[in-house]
Amino acid sequence: MPLALLALAVGAFGIGTTEFVMMGLLPNVADDLHISIPSAGHLVSAYALGVVIGAPLLAALTARMPRRRVLVGLMVLFVAGNAVSAAAPDYHLLMAARFVSGLPHGAFFGVGAVVATSLVAPERKARSVSLMFLGLTVANVIGVPIATLMGQQLGWRATFLAVSAIGLAAIAALLLLVPADHGHGESGGLRGELKALGSLPVWLSLGTTVAGFGALFAAYSYVTPMLTGTAGFAEASVTLLLALFGVGATAGNLLGGRLADRSLRGTLFGGLVSLVVVLALFPVLMRAEWSAGVAVVLLGMAAFTTGSPLQLMVMEKASAAPSLASSANQAAFNLANAGGAWIGGLALAAGFGLTSPAVAGAALAVLGIGVAGVAHGVDLRRSRGAAPSAATGHGLLVASHLPDAVSPAQDTGEPTRRR
């Protein structure tokens with residue numbers, strides 16, 4: 001695997017850290033800026049809104065630019081947003097800075113996935129995407145806990161300064177390791193890219209992402225009350241358990257990348273089925289501490305097994321605009337985050353119990369399987385419809401077989417034989 005993937009992973013590590021660290025720093029930010037915890041929670045939403053808006057917008061606007069230049073520019077915007085967050089004197093400027101920090105998130109992963117797959121052999125595409133995402137999953141194991149501890153000990157502003165430093169390191173790595181002449185984005189213009197993004201297979205793939213990862217976030221958003229209220233863990237143990245989730249996510253990400261290079265569709269269906277099983281078993285697994293810990297690891301593993309296959313599938317379905325489609329998939333991930341948390345909250349508010357969000361997540365995962373099945377059916381119908389047209393294409397099929405039946409005279413010295 002090329003070292004350029006390391007540069008992409010460093011950027012992903014910084015992005016993953018700043019995305020999730022705010023959740024652990026909400027009390028510190030609220031105390032410092034004299035706001036309520038719910039108001040501080042809007043800072044998480046501001047970042048997610050930046051991702052949803054920035055992912056397709058920035059990918060479309062930069063589609064004709066050299067991709068290394070795009071990646072560097074996105075990280076510059078990322079550094080600026082986090083630096084302003086660290087210096088923000090009030091809540092409103094911090095809100096705006098968090099929105100700006102989220103803008104490059106989706107486009108970075110989208111363009112980065114295109115770069116990653118172009119640097120390796122076709123049979124290693126999914127693995128290359130998983131190695132880029134490795135930075136995101138490792139951020140949950142190492143980056144977020146350390147950044148949270150730093151914010152608690154040195155102040156939350158120090159955390160965002162540290163994240164800015166990670167962004168600068170990513171810029172240096174991109175400039176050093178990603179080839180300068182790597183290539184350019186799509187040249188069909190914004191209208192052509194939007195047309196490629198508007199096909200039914202692309203939207204079915206994006207729908208699978210929303211349903212599949214919505215299943216994850218329906219449960220994960222409320223995993224802390226499950227662990228403390230049902231499994232009996234002390235609140236001090238939750239941070240370690242969330243790190244175990246990151247370990248499972250990292251393992252699932254690497255496993256999914258390796259398996260998807262062998263069978264993209266099979267890995268996707270296998271991951272979604274595994275997610276249904278794990279979430280459906282949550283009410284049972286949360287009855288004891290040891291099984292609850294296992295459940296958290298398996299949840300991360302099952303969910304992130306589908307990450308690389310989903311990203312690669314969207315790119316393949318929109319081959320005329322892979323950067324835009326790949327970035328739109330990142331927006332879909334964040335919609336899944338918001339939608340899954342909302343659905344899990346509905347189950348909790350309805351009084352179905354602390355583990356009910358996991359059961360709601362299992363239902364969402366079943367929906368994801370259904371959407372993926374419809375997408376597979378559409379692909380089969382389109383491939384069957386393409387075969388007859390190819391066979392009647394004014395002799396093109398015959399022409400495609402001529403090299404197998406003709407011996408070139410210049411190579412053999414013999415006259416060309418007729419069929």
Side-chain angles (χ1 to χ4, degrees), residues 1 3 5-26 28-29 44 47 75 78-79 81-82 85-86 101-102 104-105 108-109 112 116 127-174 177 216-217 220-221 223-224 227 233 235-257 293-294 296-305 307-308 330 333 337:
M1 288 292 177
L3 284 176
L5 297 178
L6 175 62
L8 297 173
V10 173
F13 179 81
I15 289 174
T17 300
T18 200
E19 179 182 16
F20 294 108
V21 74
M22 180 58 76
M23 300 173 188
L25 295 178
L26 290 183
N28 307 81
V29 174
V44 178
Y47 183 93
M75 288 310 301
F78 171 82
V79 170
N82 282 280
S85 296
S101 299
H105 176 128
F108 182 88
F109 280 109
R127 202 177 309 179
S128 71
V129 173
S130 71
L131 289 177
M132 179 187 68
F133 281 145
L134 186 63
L136 181 65
T137 57
V138 170
N140 283 279
V141 182
I142 300 175
V144 173
I146 292 178
T148 301
L149 182 62
M150 178 184 294
Q152 293 169 346
Q153 299 297 321
L154 303 177
W156 62 271
R157 298 179 189 275
T159 295
F160 292 106
L161 285 177
V163 171
S164 299
I166 296 173
L168 292 174
I171 291 173
L174 290 168
L177 300 177
L216 165 66
F217 288 111
Y220 186 67
S221 300
V223 71
T224 297
L227 292 170
F233 281 102
E235 290 186 3
S237 305
V238 172
T239 301
L240 175 61
L241 290 165
L242 295 183
L244 288 178
F245 171 84
V247 172
T250 300
N253 173 55
L254 293 174
L255 178 65
V294 172
V296 170
V297 175
L298 292 178
L299 177 63
M301 192 169 184
F304 278 86
T305 298
S308 298
Q330 294 301 311
F333 278 119
N337 190 340

Minimum heavy-atom separation for Met75 to Ala170, with atom names? CE-CB, 3.9 Å
Atom of Gln152, atom of Asn28 and distance for their closest heavy-atom approach: CA-ND2, 3.9 Å
The reported gap from OH in Tyr47 to CD1 in Ile15 (rounded to nearest 0.5 angstrom) is 6.0 Å
With sequence neighbours excluded, residues passing side chain to side chain donor-acceptor pair (under 3.5 Å) with Asn140: none
Nearest non-hydrogen partners of Leu136 and Gly16, listed with the distance: CD1-CA, 3.3 Å
What distance separates Phe13 CZ from Thr18 OG1, expressed to the nearest 0.5 Å? 11.5 Å
For Phe333, does its backbone N or O pair with a side-chain atom of Asn337 as donor and acceptor, under 3.5 Å? no
Which pair of heavy atoms, one from Leu174 and one from Leu8, lies closest together, and at what distance? CD2-CD2, 4.0 Å
Pairwise distance CZ(Arg127) to CG(Leu255) - rounded to 0.5 angstrom: 11.0 Å
Measure from the side-chain N and O atoms of Thr159 to the backbone N and O of Met150, and report whether any donor-acceptor pair falls under 3.5 Å. no
Donor-acceptor contact below 3.5 Å, side chain Asn82 vs main chain Phe160: no
Smallest heavy-atom separation, Ser101 atom then Ser85 atom, equals OG-OG, 4.0 Å
What is the distance from atom CG of Leu242 to atom OG1 of Thr224, rounded to the nearest 0.5 Å? 5.5 Å
Minimum heavy-atom separation for Val138 to Thr250, with atom names? N-OG1, 3.9 Å
Distance check, rounded to the nearest 0.5 Å: Leu154 atom CG versus Leu149 atom CG? 8.5 Å
Can you tell me how the ring of Phe109 sits relative to the ring of His105, calling it parallel under 30°, perpendicular over 60° and tilted otherwise? tilted
d(Leu244 CG, Met301 CE) to nearest 0.5 Å is 13.5 Å
ring-ring contact (aromatic ring centres under 6.0 Å, His included) filter on Phe245, not counting sequence neighbours, yields Tyr220
Report yes if some heavy atom in the side chain of Val247 is under 4.5 Å from a heavy atom in the side chain of Val297; otherwise report no. no
Among pairs that include at least one residue of residues 151-166, which meet salt bridge (charged side-chain N to carboxylate O under 4.0 Å, His left out), considering only residues two or more places apart or in two chains? Asp32-Arg157
